[in-house]
There are 2 protein chains.
Amino acid sequence: MGIAERKIREKEELKEQILKAAKRLFIERGFEKTSIRNIADEIEYSPGIIYHYFQDKNEIFHSLHQEGFQELRKRMEILGAVEDPMSRLKAMGKIYIQFALENTDMYDLMFIIEAPIDHVENRDDLCWIEGDSTFNLLRSTVHECMQKGHFEGHHLEPLSFLIWSTVHGMVSLKIRKRVNVLDVAAVDQIIENSYHSFLLILDRA
Amino acid sequence: MGIAERKIREKEELKEQILKAAKRLFIERGFEKTSIRNIADEIEYSPGIIYHYFQDKNEIFHSLHQEGFQELRKRMEILGAVEDPMSRLKAMGKIYIQFALENTDMYDLMFIIEAPIDHVENRDDLCWIEGDSTFNLLRSTVHECMQKGHFEGHHLEPLSFLIWSTVHGMVSLKIRKRVNVLDVAAVDQIIENSYHSFLLILDRA
DNA sequence: TGGATTATTAAACACTGTTCAATTACATTT
DNA sequence: AAATGTAATTGAACAGTGTTTAATAATCCA
(Lines give C-alpha, C1' and ligand atoms only; values in the text may rest on other atoms or scores of the structure.)
Protein backbone atom coordinates (compact mmCIF):
# COMPACT_ATOMS: atom_id res chain seq x y z
CA MET A 1 0.00 0.00 0.00
CA GLY A 2 2.58 2.56 -1.10
CA ILE A 3 -0.12 4.99 -2.18
CA ALA A 4 -1.78 5.14 1.21
CA GLU A 5 1.60 5.75 2.75
CA ARG A 6 2.35 8.55 0.34
CA LYS A 7 -1.02 10.04 1.23
CA ILE A 8 -0.15 9.97 4.89
CA ARG A 9 3.23 11.45 4.12
CA GLU A 10 1.64 14.25 2.13
CA LYS A 11 -0.78 14.91 4.91
CA GLU A 12 2.09 15.13 7.35
CA GLU A 13 3.86 17.47 4.97
CA LEU A 14 1.00 19.94 4.92
CA LYS A 15 0.78 19.75 8.68
CA GLU A 16 4.47 20.54 8.78
CA GLN A 17 3.96 23.43 6.38
CA ILE A 18 1.27 24.90 8.61
CA LEU A 19 3.53 24.59 11.62
CA LYS A 20 6.46 26.15 9.83
CA ALA A 21 4.36 29.05 8.57
CA ALA A 22 2.84 29.53 12.00
CA LYS A 23 6.27 29.61 13.60
CA ARG A 24 7.64 32.04 11.02
CA LEU A 25 4.75 34.46 11.53
CA PHE A 26 4.67 33.94 15.28
CA ILE A 27 8.36 34.77 15.73
CA GLU A 28 8.01 38.08 13.96
CA ARG A 29 4.51 39.12 15.08
CA GLY A 30 3.68 37.28 18.28
CA PHE A 31 0.75 35.08 19.18
CA GLU A 32 -2.16 37.49 19.07
CA LYS A 33 -1.18 39.09 15.80
CA THR A 34 -0.78 35.82 13.95
CA SER A 35 -4.21 34.89 12.61
CA ILE A 36 -5.44 31.70 11.00
CA ARG A 37 -5.96 33.64 7.80
CA ASN A 38 -2.36 34.88 7.93
CA ILE A 39 -1.13 31.32 8.16
CA ALA A 40 -3.47 30.22 5.36
CA ASP A 41 -2.17 33.02 3.15
CA GLU A 42 1.39 32.02 3.89
CA ILE A 43 0.88 28.40 2.78
CA GLU A 44 -1.47 29.44 -0.03
CA TYR A 45 -4.43 27.41 1.16
CA SER A 46 -7.86 28.43 2.33
CA PRO A 47 -8.26 29.12 6.06
CA GLY A 48 -10.66 26.21 6.55
CA ILE A 49 -8.03 23.61 5.73
CA ILE A 50 -6.11 24.35 8.90
CA TYR A 51 -8.94 22.89 10.94
CA HIS A 52 -8.45 19.52 9.28
CA TYR A 53 -5.00 19.33 10.75
CA PHE A 54 -5.45 21.12 14.06
CA GLN A 55 -8.37 21.36 16.41
CA ASP A 56 -7.95 25.09 16.90
CA LYS A 57 -5.44 27.92 16.98
CA ASN A 58 -4.19 26.94 20.40
CA GLU A 59 -3.26 23.47 19.24
CA ILE A 60 -1.05 24.94 16.53
CA PHE A 61 0.90 27.11 18.90
CA HIS A 62 0.96 24.45 21.51
CA SER A 63 2.80 22.32 18.98
CA LEU A 64 5.50 24.97 18.83
CA HIS A 65 6.05 24.51 22.57
CA GLN A 66 7.91 21.35 21.88
CA GLU A 67 10.37 23.04 19.58
CA GLY A 68 11.06 25.61 22.24
CA PHE A 69 11.80 23.00 24.87
CA GLN A 70 14.00 21.11 22.44
CA GLU A 71 16.03 24.24 21.76
CA LEU A 72 16.30 24.98 25.47
CA ARG A 73 17.41 21.44 26.21
CA LYS A 74 19.94 21.53 23.42
CA ARG A 75 21.48 24.60 25.01
CA MET A 76 21.56 22.81 28.35
CA GLU A 77 23.53 19.91 26.91
CA ILE A 78 26.94 21.48 27.44
CA LEU A 79 26.20 21.39 31.16
CA GLY A 80 27.12 17.71 31.05
CA ALA A 81 30.72 18.83 30.89
CA VAL A 82 30.49 20.69 34.18
CA GLU A 83 31.51 18.38 37.02
CA ASP A 84 30.80 20.51 40.06
CA PRO A 85 27.02 20.66 40.60
CA MET A 86 27.18 24.17 42.03
CA SER A 87 28.97 25.49 38.96
CA ARG A 88 26.52 23.58 36.81
CA LEU A 89 23.57 25.15 38.59
CA LYS A 90 25.01 28.61 38.08
CA ALA A 91 25.72 27.98 34.40
CA MET A 92 22.22 26.60 34.01
CA GLY A 93 20.65 29.84 35.15
CA LYS A 94 22.81 31.80 32.77
CA ILE A 95 21.77 29.61 29.84
CA TYR A 96 18.12 29.89 30.83
CA ILE A 97 18.28 33.67 30.95
CA GLN A 98 20.17 33.83 27.69
CA PHE A 99 17.62 31.59 25.98
CA ALA A 100 14.76 33.73 27.24
CA LEU A 101 16.29 37.02 26.14
CA GLU A 102 17.32 35.71 22.73
CA ASN A 103 14.00 33.98 22.01
CA THR A 104 11.56 36.27 23.76
CA ASP A 105 8.51 35.19 21.78
CA MET A 106 9.29 31.53 22.21
CA TYR A 107 9.87 32.03 25.93
CA ASP A 108 6.64 33.98 26.10
CA LEU A 109 4.80 31.07 24.52
CA MET A 110 6.46 28.52 26.77
CA PHE A 111 6.17 30.25 30.12
CA ILE A 112 3.93 33.31 30.00
CA ILE A 113 1.12 33.22 27.44
CA GLU A 114 -2.15 31.89 28.78
CA ALA A 115 -4.00 30.55 25.81
CA PRO A 116 -2.22 27.47 24.47
CA ILE A 117 -1.60 25.96 27.89
CA ASP A 118 -5.18 26.39 28.99
CA HIS A 119 -6.83 23.32 27.59
CA VAL A 120 -3.94 21.03 28.23
CA GLU A 121 -5.70 19.45 31.14
CA ASN A 122 -4.04 16.04 31.31
CA ARG A 123 -0.55 15.89 32.73
CA ASP A 124 0.40 13.16 30.25
CA ASP A 125 0.56 15.74 27.51
CA LEU A 126 3.85 15.95 25.71
CA CYS A 127 4.33 19.56 26.74
CA TRP A 128 4.36 18.62 30.40
CA ILE A 129 6.75 15.77 29.77
CA GLU A 130 9.06 18.15 27.94
CA GLY A 131 8.75 20.76 30.66
CA ASP A 132 9.13 18.17 33.35
CA SER A 133 12.37 16.85 31.90
CA THR A 134 13.77 20.37 31.81
CA PHE A 135 12.74 20.97 35.40
CA ASN A 136 14.18 17.59 36.32
CA LEU A 137 17.56 18.78 35.14
CA LEU A 138 17.33 21.63 37.62
CA ARG A 139 15.96 19.42 40.37
CA SER A 140 18.66 16.79 40.04
CA THR A 141 21.38 19.43 39.96
CA VAL A 142 20.02 21.03 43.12
CA HIS A 143 19.87 17.54 44.61
CA GLU A 144 23.54 16.98 43.83
CA CYS A 145 24.39 20.32 45.40
CA MET A 146 22.57 19.32 48.56
CA GLN A 147 24.43 16.03 48.69
CA LYS A 148 27.65 17.96 48.57
CA GLY A 149 26.59 19.92 51.60
CA HIS A 150 25.05 23.01 50.04
CA PHE A 151 21.63 24.47 50.86
CA GLU A 152 21.45 23.15 54.39
CA GLY A 153 17.99 23.31 55.91
CA HIS A 154 16.32 23.56 52.50
CA HIS A 155 14.00 21.07 50.84
CA LEU A 156 14.58 19.93 47.28
CA GLU A 157 11.25 20.73 45.65
CA PRO A 158 10.60 24.19 47.10
CA LEU A 159 14.18 25.27 46.58
CA SER A 160 14.21 24.12 42.97
CA PHE A 161 10.98 25.97 42.32
CA LEU A 162 12.40 29.03 44.03
CA ILE A 163 15.44 29.05 41.76
CA TRP A 164 13.29 28.63 38.69
CA SER A 165 11.01 31.42 39.89
CA THR A 166 13.92 33.78 40.34
CA VAL A 167 15.25 33.51 36.81
CA HIS A 168 11.75 33.38 35.37
CA GLY A 169 10.80 36.46 37.35
CA MET A 170 13.73 38.45 36.03
CA VAL A 171 13.24 37.63 32.37
CA SER A 172 9.45 37.83 32.41
CA LEU A 173 9.49 41.26 34.05
CA LYS A 174 11.78 42.39 31.26
CA ILE A 175 9.84 40.67 28.48
CA ARG A 176 6.59 42.15 29.69
CA LYS A 177 8.21 45.56 30.08
CA ARG A 178 7.87 46.04 33.82
CA VAL A 179 11.52 46.87 34.41
CA ASN A 180 10.81 50.45 33.41
CA VAL A 181 10.04 51.37 37.01
CA LEU A 182 13.78 51.24 37.60
CA ASP A 183 16.24 53.95 36.74
CA VAL A 184 16.30 54.13 32.96
CA ALA A 185 20.05 53.82 32.86
CA ALA A 186 20.00 50.55 34.77
CA VAL A 187 17.42 48.74 32.63
CA ASP A 188 19.80 47.15 30.17
CA GLN A 189 22.24 45.80 32.69
CA ILE A 190 19.81 45.03 35.48
CA ILE A 191 19.32 41.32 34.76
CA GLU A 192 23.03 40.65 34.49
CA ASN A 193 23.74 42.51 37.70
CA SER A 194 20.85 40.87 39.51
CA TYR A 195 21.92 37.45 38.40
CA HIS A 196 25.35 38.24 39.80
CA SER A 197 23.68 38.98 43.12
CA PHE A 198 21.83 35.72 42.80
CA LEU A 199 25.06 33.77 42.40
CA LEU A 200 26.38 35.37 45.56
CA ILE A 201 23.21 34.36 47.34
CA LEU A 202 23.40 30.78 46.14
CA ASP A 203 26.89 30.45 47.56
CA ARG A 204 25.70 31.54 50.97
CA ALA A 205 22.32 29.78 50.94
CA MET B 1 -19.94 79.11 35.96
CA GLY B 2 -21.65 76.42 38.02
CA ILE B 3 -23.21 74.87 34.95
CA ALA B 4 -19.92 74.21 33.23
CA GLU B 5 -18.70 72.60 36.39
CA ARG B 6 -21.76 70.41 36.63
CA LYS B 7 -21.13 69.40 33.03
CA ILE B 8 -17.62 68.43 33.85
CA ARG B 9 -18.86 66.58 36.90
CA GLU B 10 -21.41 64.69 34.82
CA LYS B 11 -18.79 63.85 32.27
CA GLU B 12 -16.59 62.54 35.04
CA GLU B 13 -19.50 60.50 36.33
CA LEU B 14 -19.97 58.64 33.07
CA LYS B 15 -16.23 58.10 32.87
CA GLU B 16 -16.42 56.67 36.35
CA GLN B 17 -19.33 54.47 35.33
CA ILE B 18 -17.36 53.08 32.41
CA LEU B 19 -14.42 52.38 34.68
CA LYS B 20 -16.57 50.69 37.29
CA ALA B 21 -18.32 48.53 34.70
CA ALA B 22 -15.00 47.67 33.10
CA LYS B 23 -13.56 46.65 36.44
CA ARG B 24 -16.59 44.58 37.36
CA LEU B 25 -16.47 42.65 34.09
CA PHE B 26 -12.69 42.44 34.09
CA ILE B 27 -12.51 40.91 37.54
CA GLU B 28 -14.90 38.12 36.64
CA ARG B 29 -13.91 37.51 33.01
CA GLY B 30 -10.39 38.79 32.50
CA PHE B 31 -8.98 41.27 30.03
CA GLU B 32 -9.47 39.49 26.71
CA LYS B 33 -13.01 38.43 27.40
CA THR B 34 -14.21 41.87 28.40
CA SER B 35 -15.22 43.66 25.22
CA ILE B 36 -16.13 47.26 24.57
CA ARG B 37 -19.65 46.12 23.72
CA ASN B 38 -19.87 44.25 27.04
CA ILE B 39 -18.98 47.41 28.90
CA ALA B 40 -21.44 49.44 26.81
CA ASP B 41 -24.21 46.94 27.60
CA GLU B 42 -23.38 47.14 31.28
CA ILE B 43 -23.74 50.92 31.45
CA GLU B 44 -26.63 50.92 28.96
CA TYR B 45 -24.97 53.19 26.42
CA SER B 46 -23.93 52.57 22.87
CA PRO B 47 -20.39 51.23 22.32
CA GLY B 48 -19.27 54.35 20.50
CA ILE B 49 -19.63 56.59 23.53
CA ILE B 50 -16.73 54.89 25.25
CA TYR B 51 -14.36 56.39 22.71
CA HIS B 52 -15.34 59.87 23.83
CA TYR B 53 -13.97 59.13 27.24
CA PHE B 54 -11.06 56.84 26.47
CA GLN B 55 -8.72 56.66 23.54
CA ASP B 56 -9.01 52.89 23.27
CA LYS B 57 -9.56 49.69 25.21
CA ASN B 58 -6.05 49.73 26.57
CA GLU B 59 -6.52 53.13 28.14
CA ILE B 60 -9.54 51.87 30.06
CA PHE B 61 -7.73 48.95 31.57
CA HIS B 62 -4.66 50.99 32.10
CA SER B 63 -6.76 53.22 34.32
CA LEU B 64 -7.50 50.22 36.51
CA HIS B 65 -3.78 49.84 37.12
CA GLN B 66 -3.90 52.66 39.55
CA GLU B 67 -6.57 51.00 41.67
CA GLY B 68 -4.45 47.90 41.84
CA PHE B 69 -1.42 49.79 43.03
CA GLN B 70 -3.51 51.66 45.57
CA GLU B 71 -4.81 48.40 46.99
CA LEU B 72 -1.33 46.94 47.08
CA ARG B 73 0.02 49.99 48.84
CA LYS B 74 -2.82 49.96 51.33
CA ARG B 75 -1.86 46.42 52.24
CA MET B 76 1.74 47.51 52.63
CA GLU B 77 0.81 50.21 55.13
CA ILE B 78 0.96 47.95 58.18
CA LEU B 79 4.64 47.48 57.46
CA GLY B 80 5.18 50.87 59.06
CA ALA B 81 4.72 49.15 62.38
CA VAL B 82 7.61 46.78 61.78
CA GLU B 83 10.81 48.26 63.21
CA ASP B 84 13.41 45.76 62.08
CA PRO B 85 14.02 46.24 58.34
CA MET B 86 14.77 42.56 57.81
CA SER B 87 11.45 41.53 59.34
CA ARG B 88 9.76 44.25 57.32
CA LEU B 89 11.31 42.95 54.11
CA LYS B 90 10.10 39.44 54.86
CA ALA B 91 6.60 40.61 55.70
CA MET B 92 6.58 42.66 52.53
CA GLY B 93 7.15 39.61 50.38
CA LYS B 94 4.36 37.78 52.13
CA ILE B 95 1.93 40.63 51.56
CA TYR B 96 2.96 40.86 47.91
CA ILE B 97 2.36 37.16 47.34
CA GLN B 98 -0.94 37.27 49.18
CA PHE B 99 -2.10 40.22 47.12
CA ALA B 100 -1.18 38.46 43.90
CA LEU B 101 -2.94 35.21 44.78
CA GLU B 102 -6.07 36.92 46.07
CA ASN B 103 -6.35 39.35 43.15
CA THR B 104 -4.98 37.27 40.31
CA ASP B 105 -6.65 39.25 37.54
CA MET B 106 -5.56 42.55 38.98
CA TYR B 107 -2.02 41.25 39.42
CA ASP B 108 -2.12 39.94 35.89
CA LEU B 109 -3.06 43.38 34.64
CA MET B 110 -0.43 45.12 36.74
CA PHE B 111 2.55 42.87 36.10
CA ILE B 112 1.92 40.36 33.33
CA ILE B 113 -0.50 41.43 30.61
CA GLU B 114 1.16 43.07 27.64
CA ALA B 115 -1.47 45.25 26.06
CA PRO B 116 -2.25 48.13 28.39
CA ILE B 117 1.37 48.85 29.29
CA ASP B 118 2.45 48.90 25.69
CA HIS B 119 1.71 52.44 24.68
CA VAL B 120 2.66 54.01 27.95
CA GLU B 121 5.83 55.36 26.48
CA ASN B 122 6.58 58.27 28.76
CA ARG B 123 7.93 57.48 32.19
CA ASP B 124 5.98 60.38 33.67
CA ASP B 125 2.80 58.35 33.37
CA LEU B 126 0.92 57.89 36.60
CA CYS B 127 1.27 54.13 36.38
CA TRP B 128 5.02 54.34 36.52
CA ILE B 129 4.89 56.76 39.40
CA GLU B 130 2.58 54.38 41.26
CA GLY B 131 4.76 51.41 40.44
CA ASP B 132 7.88 53.32 41.28
CA SER B 133 6.62 54.28 44.72
CA THR B 134 5.83 50.64 45.44
CA PHE B 135 9.26 49.58 44.29
CA ASN B 136 10.76 52.40 46.32
CA LEU B 137 9.29 50.85 49.43
CA LEU B 138 11.20 47.68 48.65
CA ARG B 139 14.34 49.55 47.71
CA SER B 140 14.43 51.64 50.86
CA THR B 141 13.79 48.60 53.04
CA VAL B 142 16.63 46.72 51.37
CA HIS B 143 18.75 49.83 51.87
CA GLU B 144 17.99 49.82 55.60
CA CYS B 145 18.87 46.14 55.77
CA MET B 146 22.21 46.85 54.16
CA GLN B 147 22.91 49.65 56.59
CA LYS B 148 22.33 47.20 59.41
CA GLY B 149 25.00 44.92 57.98
CA HIS B 150 22.91 42.55 55.87
CA PHE B 151 23.54 41.64 52.23
CA GLU B 152 27.25 42.28 52.29
CA GLY B 153 28.82 42.48 48.85
CA HIS B 154 25.48 43.20 47.18
CA HIS B 155 24.37 46.35 45.40
CA LEU B 156 21.08 48.01 46.22
CA GLU B 157 19.42 48.17 42.80
CA PRO B 158 20.22 44.69 41.49
CA LEU B 159 19.40 43.06 44.81
CA SER B 160 16.07 44.85 45.08
CA PHE B 161 15.17 43.81 41.56
CA LEU B 162 16.24 40.27 42.38
CA ILE B 163 13.93 40.09 45.36
CA TRP B 164 11.06 41.49 43.35
CA SER B 165 11.79 39.00 40.57
CA THR B 166 11.70 36.09 42.97
CA VAL B 167 8.25 36.77 44.36
CA HIS B 168 6.96 37.82 40.95
CA GLY B 169 8.35 34.65 39.43
CA MET B 170 6.59 32.43 41.93
CA VAL B 171 3.17 34.00 41.63
CA SER B 172 3.29 34.51 37.88
CA LEU B 173 4.24 30.88 37.26
CA LYS B 174 1.22 29.91 39.29
CA ILE B 175 -1.13 32.45 37.75
CA ARG B 176 -0.11 31.40 34.26
CA LYS B 177 -0.42 27.73 35.20
CA ARG B 178 3.18 26.62 34.77
CA VAL B 179 3.49 25.02 38.20
CA ASN B 180 1.89 21.87 36.84
CA VAL B 181 5.28 20.45 35.91
CA LEU B 182 5.77 19.80 39.61
CA ASP B 183 4.37 16.88 41.54
CA VAL B 184 0.63 17.39 41.60
CA ALA B 185 0.49 17.02 45.36
CA ALA B 186 2.96 19.85 45.87
CA VAL B 187 1.25 22.43 43.69
CA ASP B 188 -0.95 23.98 46.33
CA GLN B 189 1.71 24.39 48.95
CA ILE B 190 4.65 25.06 46.69
CA ILE B 191 4.66 28.85 46.90
CA GLU B 192 4.42 28.88 50.68
CA ASN B 193 7.21 26.34 51.00
CA SER B 194 9.36 28.11 48.46
CA TYR B 195 8.88 31.43 50.17
CA HIS B 196 10.01 29.76 53.38
CA SER B 197 13.18 28.73 51.58
CA PHE B 198 13.52 32.30 50.37
CA LEU B 199 13.39 33.65 53.92
CA LEU B 200 16.17 31.26 54.89
CA ILE B 201 18.20 32.48 51.95
CA LEU B 202 17.67 36.13 52.83
CA ASP B 203 19.03 35.52 56.31
CA ARG B 204 22.20 34.07 54.90
CA ALA B 205 22.60 36.38 51.93
C1' DT C 1 -36.56 81.23 20.02
C1' DG C 2 -32.34 80.53 17.14
C1' DG C 3 -27.76 79.08 16.78
C1' DA C 4 -23.74 76.88 18.33
C1' DT C 5 -21.90 73.12 21.03
C1' DT C 6 -21.77 68.93 22.83
C1' DA C 7 -23.30 64.14 23.77
C1' DT C 8 -24.89 60.08 21.84
C1' DT C 9 -26.14 56.78 18.48
C1' DA C 10 -26.41 53.50 14.58
C1' DA C 11 -24.12 51.81 11.03
C1' DA C 12 -20.21 50.54 8.86
C1' DC C 13 -15.21 48.79 8.30
C1' DA C 14 -11.84 45.52 8.63
C1' DC C 15 -10.66 42.27 11.26
C1' DT C 16 -10.91 37.69 14.35
C1' DG C 17 -11.68 32.17 15.20
C1' DT C 18 -14.55 28.68 13.66
C1' DT C 19 -18.02 25.77 11.16
C1' DC C 20 -20.07 23.52 7.30
C1' DA C 21 -22.29 22.53 2.98
C1' DA C 22 -20.59 22.27 -1.52
C1' DT C 23 -17.01 21.25 -4.58
C1' DT C 24 -12.87 19.29 -6.38
C1' DA C 25 -9.36 15.68 -6.65
C1' DC C 26 -8.19 11.21 -6.67
C1' DA C 27 -7.61 6.03 -5.77
C1' DT C 28 -10.27 1.93 -6.34
C1' DT C 29 -13.52 -0.95 -8.47
C1' DT C 30 -16.32 -2.28 -12.24
C1' DA D 1 -12.08 3.86 -19.73
C1' DA D 2 -16.06 5.01 -16.83
C1' DA D 3 -18.33 5.00 -12.55
C1' DT D 4 -18.00 5.10 -7.67
C1' DG D 5 -16.77 6.30 -3.10
C1' DT D 6 -13.64 8.66 -0.14
C1' DA D 7 -10.87 12.17 1.33
C1' DA D 8 -9.00 16.94 0.65
C1' DT D 9 -10.16 21.55 -0.06
C1' DT D 10 -12.84 25.55 -0.63
C1' DG D 11 -15.90 29.64 -0.02
C1' DA D 12 -19.26 31.46 2.30
C1' DA D 13 -21.30 32.22 6.43
C1' DC D 14 -21.72 33.05 11.71
C1' DA D 15 -20.89 35.49 15.63
C1' DG D 16 -17.79 38.03 17.59
C1' DT D 17 -13.88 41.81 18.08
C1' DG D 18 -11.91 47.09 18.29
C1' DT D 19 -12.63 51.30 16.13
C1' DT D 20 -14.34 55.25 13.13
C1' DT D 21 -17.71 58.41 11.53
C1' DA D 22 -21.72 60.66 9.69
C1' DA D 23 -26.06 61.64 11.45
C1' DT D 24 -29.01 62.65 15.26
C1' DA D 25 -30.52 64.18 19.81
C1' DA D 26 -29.79 67.07 23.71
C1' DT D 27 -28.18 70.94 25.88
C1' DC D 28 -26.45 75.60 26.78
C1' DC D 29 -25.92 80.52 25.58
C1' DA D 30 -27.10 84.75 23.39
Side-chain angles (χ1 to χ4, degrees), chain A residues 1-19 21-23 25-26 28-64 109 113-120, chain B residues 1-19 21-23 25-26 28-64 109 113-120:
Chain A
M1 291 285 159
I3 293 162
E5 281 163 14
R6 199 206 68 214
K7 275 265 154 186
I8 292 170
R9 209 170 52 238
E10 278 178 7
K11 188 156 180 171
E12 284 300 314
E13 269 169 27
L14 186 45
K15 191 167 184 171
E16 208 54 45
Q17 263 190 73
I18 294 170
L19 240 32
K23 190 183 182 184
L25 294 173
F26 165 76
E28 64 179 34
R29 302 144 87 127
F31 175 74
E32 306 277 356
K33 280 169 187 162
T34 303
S35 74
I36 296 293
R37 283 174 182 80
N38 291 158
I39 298 170
D41 278 357
E42 192 83 358
I43 60 172
E44 292 175 300
Y45 275 80
S46 104
I49 197 65
I50 291 173
Y51 291 86
H52 279 167
Y53 295 87
F54 297 92
Q55 213 182 23
D56 53 27
K57 188 183 173 182
N58 285 331
E59 200 182 284
I60 302 171
F61 288 95
H62 178 256
S63 292
L64 296 180
L109 185 64
I113 288 176
E114 258 186 316
I117 213 79
D118 248 6
H119 50 68
V120 180
Chain B
M1 291 284 158
I3 292 163
E5 279 162 16
R6 201 205 69 212
K7 273 269 153 185
I8 292 170
R9 210 169 51 237
E10 277 177 5
K11 188 155 182 170
E12 284 300 314
E13 268 169 29
L14 186 44
K15 191 165 184 172
E16 208 54 46
Q17 263 190 72
I18 294 170
L19 240 31
K23 190 182 182 185
L25 294 173
F26 164 75
E28 64 179 34
R29 302 144 86 130
F31 175 73
E32 305 277 355
K33 281 168 186 162
T34 303
S35 74
I36 296 293
R37 283 174 183 81
N38 290 158
I39 298 170
D41 278 357
E42 193 82 358
I43 59 171
E44 292 175 298
Y45 274 80
S46 103
I49 198 64
I50 292 174
Y51 290 87
H52 280 220
Y53 294 87
F54 297 92
Q55 210 181 23
D56 53 27
K57 189 183 173 183
N58 286 330
E59 199 182 285
I60 301 171
F61 288 94
H62 177 255
S63 293
L64 296 180
L109 186 65
I113 288 175
E114 259 187 312
I117 213 82
D118 249 4
H119 51 67
V120 180

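Proteins come first, then strands; the chains are lettered A, B, ... in the order of their sequence lines, and each starts at number 1. Both backbone and side-chain heavy atoms feed into the values below; hydrogens, waters and symmetry mates do not.
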Checking B/Asp41 side chain against B/Asn38 main chain: does a donor-acceptor pair fall under 3.5 Å? no
Can you tell me the distance, in whole Å, between the NZ atom of B/Lys15 and the C1' atom of C/dT6? 16 Å
To the nearest 10 degrees, the angle between the two end axes of the helix from C/dT1-D/dA30 to C/dT30-D/dA1 (five pairs per end) comes to 30°
Write down the distance between CD1 (B/Ile36) and C1' (C/dA14), rounded to a whole number of angstrom. 16 Å
If the sugar-phosphate is the primed atoms plus P, OP1 and OP2 and the base is the rest, what is the B/S/- string for nucleotides 20-26 of chain D, using protein heavy atoms under 4.0 Å? B------
Taking for each residue the nucleotide of DNA chain C bearing the nearest heavy atom, is the 5' side occupied by B/Ile50 or by A/Asn38? B/Ile50
Under 4.0 Å between a side-chain N or O of A/Ser35 and OP1 or OP2 of C/dT16? yes
Separation of D/dT19 C1' from B/Asp56 CG (nearest whole Å): 9 Å
Starting from P on C/dT16, measure out to CZ on A/Phe31 and report it in whole angstrom. 13 Å
Looking at every non-hydrogen atom in both residues, tell me the closest pair between A/Ile60 and A/Ala22 and how far apart they are. CG2-CB, 3.6 Å
Whether the side chain of A/Arg37 and the base of C/dG17 hold a donor-acceptor pair under 3.5 Å is what I'd like checked. yes
Protein-nucleotide distance (B/Glu13, atom CD; C/dA7, atom P), rounded to Å: 14 Å
Measure the OH-CD distance between A/Tyr53 and A/Gln17 for me, rounded to the nearest 0.5 Å. 9.5 Å
Nearest heavy atoms of B/Glu59 and B/Gln55, plus distance in Å: OE1-CB, 3.2 Å
Rounded to whole angstrom units, what separation is found between the NZ atom of A/Lys33 and the C1' atom of C/dA14? 16 Å
A/Glu44 atom CD, over 12 foreign heavy atoms within 6.0 Å: no
Please determine which of B/Ile36, B/Asp56, B/Leu14 meets the side chain to side chain contact (heavy atoms under 4.5 Å, CB included) test together with B/Ile50. B/Ile36
Has the side chain of B/Lys23 got a donor or acceptor atom that lies under 3.5 Å from a matching backbone atom of B/Ile18? no
Whole-Å distance separating the CG atom of A/Leu14 from the C1' atom of C/dA25: 15 Å
For the pair made of CD in B/Glu32 and P in C/dC15, what is the distance, rounded to whole Å? 19 Å
Could you check A/Glu32 against B/Glu32 for side chain to side chain contact (heavy atoms under 4.5 Å, CB included), going step by step and ending with a plain yes or no? CA-CA 11 Å; A/Glu32 306 277 356; B/Glu32 305 277 355; 3.1 Å; yes
With a 6.0 Å cut-off on the ring centroids, do B/Phe31 and B/Phe61 count as close? yes
